[in-house]
Protein chains: 2
Amino acid sequence: MRIFPANPLFQGIDSGSLPALLDCLGARTERFERNSVVFAAGASAPELGLVLSGAVRVERPDFWGRRTILGRAEAGETFGESFSLGLSGGSGPAPVSAVAAQDSEILLLNYNKVMLSCTSACSFHTRLIRNVLALLARKNMGLLHQIDLLTRPGTREKVLAYLSDRAEQGGKTAPDGRGVVVEIPFNREELADFLVVDRSALSRELGKLRDEGLIRFERNRFELLRGAAEAL
Amino acid sequence: MRIFPANPLFQGIDSGSLPALLDCLGARTERFERNSVVFAAGASAPELGLVLSGAVRVERPDFWGRRTILGRAEAGETFGESFSLGLSGGSGPAPVSAVAAQDSEILLLNYNKVMLSCTSACSFHTRLIRNVLALLARKNMGLLHQIDLLTRPGTREKVLAYLSDRAEQGGKTAPDGRGVVVEIPFNREELADFLVVDRSALSRELGKLRDEGLIRFERNRFELLRGAAEAL
DNA sequence: TGCTGTTCGTTGCAAAAACAACGGCGCTCT
DNA sequence: AGAGCGCCGTTGTTTTTGCAACGAACAGCA
């Protein structure tokens, strides 16, 4: 639970007043086991979730079997902002689902209560709203980024762009100094769904990239070699 | 200028105190002629724009000639929220450009000033922030919606989904009652860029749809006939 | 050990999309 | 009137993608 004060959602809020604030927000924690849905697309407006442990996958099913993975929230991250707010009245159907990627513990906040002023007891409410605003803006950038990936003209470009991103954010230089190592939170099928390409096409392209000496990989561990970024 | 009080950005704010607020925000209006850039991708963090007259196209160029059109802000709408906020310090490079689609008049707000508390003179600042939050959430939903379009499996699906959307939002029943008429703000090339498909593929598909009796069209005026929605 | 389920690479084939080039139509400007 | 230009449809060709199916490697488990 030490995660709370550290979270951007509660930045600038005295940890002593957190319990009162959480109470005011109708916060509750729930456990979800792997592959269970936190909230489902089509259901009425969900809540704001903060992952305490585990991880959550945000995805959008379309009505013939496909799914698109929109993102992943690891422990300490939030998901589901922008709904109920973005939905006009506050209660339209959610366009996405959230699914526990592992057994998870999640703090759920009632979004309406987040937005509406509460009694003066919650002096930090205004600060909270700013924090949510910042979060939303960040999410927004994230979506823009995803659109950036999706609009790449081909599978190869998508993969390279994705790996480059990961490398910039969390890459470590390889032991032999020949490249950058990144680990991705997806398996092949999930990655394909995330990039919206066919799994086999993805495998094909990864193979080509390996043969051309641009990358090396094993499972979800990828190594970008010199030239991979330039090949974009 | 009557547009101000009506705008969601200023909802709940006494129109009498608007001038003071605007002054506090470093607001200024500027004119842009057709095809001139309001702010460019890569430049440092832009501002929040409110279209007073004309229209603005938000697009993202990638570094080999392609562009993706992310949206369009007509008179009365805002654009460029989420930057400078989403950008960590408040001054990273913007990932998108805004281009005047017509001769336009635009109110520009300094985003930092929007976020930072100002002197007590601006009692409406808090309300403004909430309004921005709502706007951002809405934009967020819009982006989600766009991802929804982009992830459709083919050109046909993209086109139909796009037209259906437009029809739901602003469609009028056709004079002969045989369908719904929508006018779109794009020409063919722009529409192709918006949906991220080839222009010729778009034309081909439109032709097929016409031949199959699902739609009729001329220029940027489309008519969705019965069955078009079901064909999705 | 043997069974089973999952993940991943591979490949042939069919469908779809991108590319490129051309022609028509309507507009504006001189 | 004629030239220039923007917008749109059309079509042939090449390239890419999606689909389906198979097999290998591996992990969990009785």
Side-chain angles (χ1 to χ4, degrees), chain A residues 34-35 57 62 64-69 101-103 149-163 183-212 214-223 231, chain B residues 34-35 57 62 64-69 99 101-103 149-163 183-212 214-223 231-232:
Chain A
R34 180 174 153 89
N35 286 331
R57 214 171 43 224
D62 70 9
W64 56 111
R66 296 162 170 277
R67 73 172 178 187
T68 308
I69 295 185
Q102 313 161 15
D103 291 353
L149 285 183
L150 292 182
T151 56
R152 300 289 169 128
T155 304
R156 158 179 293 245
E157 287 78 6
K158 289 180 182 177
V159 178
L160 281 180
Y162 173 70
L163 290 177
E183 294 191 9
I184 68 175
F186 299 127
N187 64 25
R188 289 291 180 282
E189 191 175 355
E190 288 173 331
L191 179 58
D193 285 344
F194 183 74
L195 299 178
V196 193
V197 296
D198 187 70
R199 186 189 61 83
S200 74
L202 175 60
S203 269
R204 231 197 289 256
E205 209 55 48
L206 285 174
K208 282 191 197 173
L209 289 171
R210 171 169 29 73
D211 294 345
E212 295 173 21
L214 293 179
I215 65 174
R216 282 188 290 188
F217 61 92
E218 188 198 340
R219 290 281 175 180
N220 67 343
R221 179 187 185 80
F222 290 78
E223 187 172 348
Chain B
R34 180 175 151 88
N35 286 333
R57 212 172 45 225
D62 70 10
W64 56 112
R66 296 163 170 279
R67 73 172 176 188
T68 307
I69 295 184
V99 179
Q102 312 160 16
D103 291 354
L149 284 183
L150 293 182
T151 56
R152 300 287 168 132
T155 304
R156 158 179 293 243
E157 286 79 5
K158 288 181 182 177
V159 178
L160 281 180
Y162 174 71
L163 290 177
E183 293 191 9
I184 69 173
F186 299 127
N187 64 26
R188 289 292 180 282
E189 191 176 354
E190 288 173 332
L191 180 57
D193 285 345
F194 182 75
L195 298 178
V196 193
V197 297
D198 187 69
R199 187 188 61 83
S200 76
L202 175 61
S203 268
R204 229 196 286 258
E205 208 56 47
L206 285 174
K208 283 190 196 171
L209 290 171
R210 172 167 30 69
D211 295 345
E212 296 174 19
L214 294 178
I215 65 175
R216 283 188 291 188
F217 62 92
E218 187 197 344
R219 290 282 173 179
N220 67 344
R221 179 186 185 80
F222 291 78
E223 187 172 348
L232 261 180

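Just so you know, these numbers come straight off a predicted model, no measurement behind them.
Look at CZ on R188(B): it is 15 Å from C1' on dG26(C), rounded to the nearest Å. Distance R204(A) CZ to dG12(C) P: 10 Å, rounded to the nearest Å. Atom CG of L195(B) and atom C1' of dA17(C) are 14 Å apart (whole Å). Taking atom CZ of residue R221(A) and atom P of nucleotide dC8(C), one finds them 16 Å apart after rounding to whole Å. What separates NZ of K158(A) from C1' of dG18(D) is a distance of 12 Å, to the nearest Å. The separation between N220(B) atom CG and dG26(C) atom P is 16 Å, rounded to whole Å. In this structure, the CG atom of L191(A) is 11 Å from the P atom of dG9(C), given to the nearest Å. The distance from atom CG of L202(A) to atom P of dT16(D) is 16 Å, rounded to the nearest whole Å.
Within the 4.5 Å cutoff, side-chain heavy atoms of L149(A) are placed close to those of F194(A). At a threshold of 4.5 Å between non-hydrogen side-chain atoms, the residues L191(A) and L202(A) count as touching.
Positionally, the nearest nucleotide of DNA chain D for F186(B) lies more toward the 5' end than for the other of S200(B) and F186(B).
The phosphate of dA17(C) (OP1 or OP2) has a side-chain N or O of T155(B) nearer than 4.0 angstrom.
Within 4.0 Å of R199(B), counting heavy atoms only, lies at least one base atom of the nucleic acid. Nucleic acid contact class of D198(A) (heavy atoms, under 4.0 Å, all strands): base.
With E190(B) contributing its side chain and N187(B) its backbone, the two residues share a donor-acceptor pair below 3.5 Å.
In this structure, the nucleotide among dT17(D), dA18(C), dT10(D) sitting nearest to the side chain of S203(B) is dT10(D). Counting only heavy atoms from C-beta on, V197(A) has its side chain closest to dG18(D) among dC7(D), dA18(C), dG18(D). Side-chain atoms of R219(A) lie closest to dC26(D) of the nucleotides dA17(C), dT10(C), dC26(D).
The pair E157(B)-R152(B) does not count as a salt bridge, with every side-chain nitrogen at least 4.0 angstrom from each carboxylate oxygen. Using a 4.0 Å cut-off between a side-chain N of Lys or Arg and a carboxylate O of Asp or Glu, R221(B) and E183(B) qualify as a salt bridge. A salt bridge does not link D103(A) to R34(A): none of the charged nitrogens lies less than 4.0 Å from a carboxylate oxygen.
Under the side-chain hydrogen bond (donor to acceptor under 3.5 Å, both in side chains) test applied with E205(A), the options R156(A), K158(A), R210(A) reduce to a single match, R156(A).
For DNA chain D, each stem of at least three Watson-Crick or G-U pairs (distances under 3.5 Å) is given as range with range: C:1-30 with D:1-30.
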